[in-house]
Structure formats: C-alpha cells, structure tokens
**Student:** 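Provided herewith is a single structure, encoded as structure tokens, for subsequent inquiry.
These numbers were taken from a predicted model, which means no experiment stands behind them.
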Number of protein chains: 2
Amino acid sequence: MTTETRKPVRLDDLDRNILRALQADAGQSLDEIARQVGSSKTPVWNRIRKMRDAGVMGPSTVVVDPEALGLEACFFVLIRTSEHETDWQQKFLAALRARPEVQEAHRLAGEIDYILKVRVANARAYDVFYQALISEVRVFNVTALLSMEEIKSTVALPV
Amino acid sequence: MTTETRKPVRLDDLDRNILRALQADAGQSLDEIARQVGSSKTPVWNRIRKMRDAGVMGPSTVVVDPEALGLEACFFVLIRTSEHETDWQQKFLAALRARPEVQEAHRLAGEIDYILKVRVANARAYDVFYQALISEVRVFNVTALLSMEEIKSTVALPV
DNA sequence: CCTGAAAACAGACCCCC
DNA sequence: GGGGGTCTGTTTTCAGG
C-alpha cells in the first residue's frame, strides 16, 4: 500500500509566490525564482523541497500541443447511468483510467453522473472510443459535446 | 506583435518517446531520458530544442494539488446564450480569460454553447464567480455540475 | 546525424549569521 | 529561518567522424 502524503501544510506568501513562479515556468533557475519572489537561493530551495515532500506539487511536466500530435478533436462526455453498485463502479473507473484518450473524469452530484474530457484525432476516433467504452460497461445515457474552439486552457491554479 | 510558431513539424518515434518521458517527468536529466529512449544526450537535446522552437511543447510547469491551496470545489459549467454577435463574444471571452478560477473554456457545437471548468474554494465562492460573470455578460441559461470526485486528471496526452 | 569532450551553469548541501 | 560560498552533476556548445 502506498503511503499517501497528506500532511496539512500551511503555505505562507513566499510559498505561494514560489508556486506561482514554478507554475509559470518550472525550468527557471533557483536564482531567478529567488529574484522574482524577493528572496535568496537557500530559502527558496528549502520551501520547494518542503512542498514537494508534502505533495503540494507533483513532478514537473511539459504541456504538449495536441494538434502537433494530430489530436484535433476534444469532446466533453456527459454520462448517466442506472447502475450504482460498487462492482459496476470499479469496472467503470478502471476502464477510464486505462484509456489514455481520457484526460479528465469526474463523478458528479446531480442528474448527470459522470463527465469526461476526451481527446482524439477526429470524430471517427471518438466513435471507436465510445463503442469500446459502452461495450465494457453499461451506461444509461451518453451525451457528447464537441469542442469547436479552446478558448482557454491552463493548468495553473490561482495561487 | 508575437510571431505565432506554427511550423508543421513531423515527429518521428524518437521525438514521441522523448515527449512521453518529458510528460511523465520534465525534471529528469538528459542522460536519463536518453537511456529511456535508447539514444544519447546530444540527439535528445537537439530534438527537445527543435520541438520547443516549433511550439510542440510549451514551457514546463508543476502540477499543484488544488486542495493544498484550499480549492476544494470543482464545477463544470454549461452555458447557453442567445447572443452571438462578435461584440458580445469578445466581451465574454475576455471575461473568461481574465478570471483565474476558470481553468478551461471551450466553445461547443450543438445546443450548449460553452463549457467551463471552474475551480474555487467552495460553493459560496462559486456563487460569487457566477454572479460576477452574469453581471458582466448576458447568458440565457447556466447549468453548474459539481464534481464529487476527481476520478482521473492528467495533462499527459497519448503520444 | 551521432559521438565525445569541454565550458558554462545550476542544483544540493554546508557553515555562519 | 535566511545569506553566501563551494562542490558536484547537468546542460549546452562545439569539433570531428
């Protein structure tokens, strides 16, 4: 069993400023971040380490342009189901996690049970995904919303 | 005026493997990436530079745990509007881009015109956001879907 | 286009304040 | 807990095959 790091860390202004800088560009040098937040190398490094250990931030990643990979279609999928047994749910979650085209999956409150964000090459590829999904698990109703334009997409949280 | 980098770059297998490694952890050393993809430092570095220059990948970032920042509520907002003049649209887009709690905004095909993903501290904070938004621009119908559980959330695209 | 070495650089850890 | 220096490893560059 993996020990989930769940320490309740208090973040002060310096921590938050560092997070902001790292979210903007994680490739910056410590000196540069230190300059931006009005501090010096060592404190910045100590806080980064602290926040990493506490699980406040995950590993750094690069954001890749989907179009460069030929992923030109983005769907939001609204799912209603009639099944709510743990058994069904486990199977459904496993299916979602296994599919790399699913970028986000949330269980919702209210009439709609789940929402997915799915990135695929085109409408045809979405249909392949959809058929595969409903063959794995029973769902009651599925609505796919096709994105025409990505107005905004950011991984940065307001710090 | 910024020159939008829009070169159509062909990515071969080595490029894609490098992207996969960087998406998993952008903090790895070149040697380690080179080892993973079965190549050597310099070629890996050349391709990274090429892809950066071509805009295939953006700057590296860190993924921050929303709960650590006290952002415990996530809403998907479905918006219908009756207004479709460019003037209204410009104002709407500007409002979305200006609000840091909006993590994603897409213009959709079909009955629903827009979908937003909004991260806030709690339901109260969402209402503040919502009231502010509808006071800035007229919308016809708004449905907010509250996320109960984030089943999956990844920034990594299938490469 | 890759290999290997050399130079510039930044990250990790120290002691002192 | 922050300031500054130092050592180590990494990034970046470049000559050569």
Side-chain angles (χ1 to χ4, degrees), chain A residues 2-3 5-65 68-70 155-157 159, chain B residues 2-3 5-65 68-70 155-157 159:
Chain A
T2 52
T3 40
T5 334
R6 222 19 84 98
K7 299 177 186 178
V9 189
R10 277 247 157 268
L11 302 177
D12 62 13
D13 285 354
L14 181 53
D15 292 320
R16 298 184 119 87
N17 286 334
I18 292 169
L19 277 184
R20 209 187 333 263
L22 286 176
Q23 284 194 138
D25 181 1
Q28 293 169 100
S29 74
L30 279 179
D31 289 308
E32 210 160 322
I33 296 170
R35 196 186 45 75
Q36 278 178 52
V37 302
S39 183
S40 191
K41 270 198 316 200
T42 315
V44 170
W45 189 79
N46 284 332
R47 277 136 188 280
I48 289 178
R49 200 231 281 265
K50 178 192 71 182
M51 291 192 283
R52 249 197 251 287
D53 292 349
V56 173
M57 37 183 206
S60 66
T61 56
V62 291
V63 178
V64 176
D65 175 17
L69 296 171
V155 58
L157 300 171
V159 182
Chain B
T2 51
T3 40
T5 333
R6 222 19 85 97
K7 297 179 188 178
V9 188
R10 277 246 156 272
L11 302 177
D12 62 14
D13 284 353
L14 181 53
D15 292 321
R16 297 183 118 87
N17 286 334
I18 292 169
L19 277 184
R20 208 187 334 264
L22 285 176
Q23 284 194 139
D25 181 1
Q28 294 170 98
S29 75
L30 278 180
D31 289 306
E32 211 161 319
I33 296 170
R35 195 186 46 73
Q36 281 177 51
V37 302
S39 182
S40 191
K41 271 199 312 206
T42 316
V44 170
W45 190 81
N46 283 332
R47 275 129 188 285
I48 289 177
R49 198 228 277 268
K50 178 193 70 181
M51 291 192 283
R52 249 196 250 288
D53 291 350
V56 173
M57 39 183 201
S60 67
T61 56
V62 291
V63 179
V64 176
D65 176 16
L69 296 170
V155 59
L157 300 172
V159 181

**Student:** If the condition is side-chain hydrogen bond (donor to acceptor under 3.5 Å, both in side chains), which residues does R20(A) pass it with, not counting sequence neighbours?
**Tutor:** N17(A)
**Student:** Rounded to the nearest 0.5 Å, what separation is found between the CZ atom of R16(A) and the CE atom of M51(A)?
**Tutor:** 10.0 Å
**Student:** Could you tell me from which nucleotide to which nucleotide of DNA chain C, 5' to 3', there is an atom under 4.0 Å from chain A heavy atoms?
**Tutor:**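 Range of nucleotides within reach of chain A: dA10(C) to dC14(C).
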**Student:** Under 4.0 Å from a heavy atom of chain B: give me the 5'-most and 3'-most nucleotides of DNA chain D that qualify.
**Tutor:** dT10(D) to dC14(D)
**Student:** Is it true that D15(B) and R10(B) make a salt bridge, defined as a side-chain N closer than 4.0 Å to a carboxylate O?
**Tutor:** no
**Student:** Starting at CG of L30(A), measure out to OG of S39(A) and round the result to the nearest 0.5 Å.
**Tutor:** 10.5 Å
**Student:** Out of K41(A), R47(A), R49(A), which one pairs with W45(A) under the side-chain contact (heavy atoms from CB on, under 4.5 Å) rule?
**Tutor:** R49(A)
**Student:** Taking M57(A)'s backbone N and O only, do any of them form a donor-acceptor pair with R52(A)'s side chain (distance below 3.5 Å, no angle check)?
**Tutor:** no
**Student:** Give a yes or no answer on whether the side chain of Q23(B) reaches the backbone of L157(B) with a donor-acceptor pair at less than 3.5 Å.
**Tutor:**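 Yes.
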**Student:** Give, for atom CG of L14(B) and atom CD1 of I18(B), the distance between the pair rounded to the nearest 0.5 Å.
**Tutor:**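 One finds 4.0 Å between CG of L14(B) and CD1 of I18(B).
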**Student:** With sequence neighbours left out, what residues match Q36(B) under side-chain hydrogen bond (donor to acceptor under 3.5 Å, both in side chains)?
**Tutor:**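 Testing Q36(B) for side-chain hydrogen bond (donor to acceptor under 3.5 Å, both in side chains), a comparison that skips the adjacent residues, returns Q28(B).
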**Student:** Testing V159(A), V37(A), I48(A) for side-chain contact (heavy atoms from CB on, under 4.5 Å) with L19(A), which one passes?
**Tutor:**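 With L19(A) as partner, side-chain contact (heavy atoms from CB on, under 4.5 Å) holds for just one option, V159(A).
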**Student:** Let me check I have this right: for DNA chain D, each base becomes ., (, ), [, ] or |, based on Watson-Crick or G-U pairs with both distances under 3.5 Å. What is the full string?
**Tutor:** ||||||.|||.||||||
**Student:** Could you say whether L14(B) or G27(A) is positioned toward the 5' end of DNA chain C, judged by the nucleotide with the nearest heavy atom to each?
**Tutor:** L14(B)
**Student:** To the nearest 0.5 Å, what is the distance between OG (S60(B)) and CG (L22(B))?
**Tutor:** 9.0 Å
**Student:** Kindly state which residues belonging to residues 28-40 of chain B come within less than 4.0 angstrom of DNA chain D, counting heavy atoms of the residue only, listed by number.
**Tutor:**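 Within residues 28-40 of chain B, the residues near DNA chain D are Q28(B), S29(B), L30(B).
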**Student:** Are there more than 12 heavy atoms of other residues, nucleotides or ligands under 6.0 Å from atom CG of D12(B)?
**Tutor:** yes
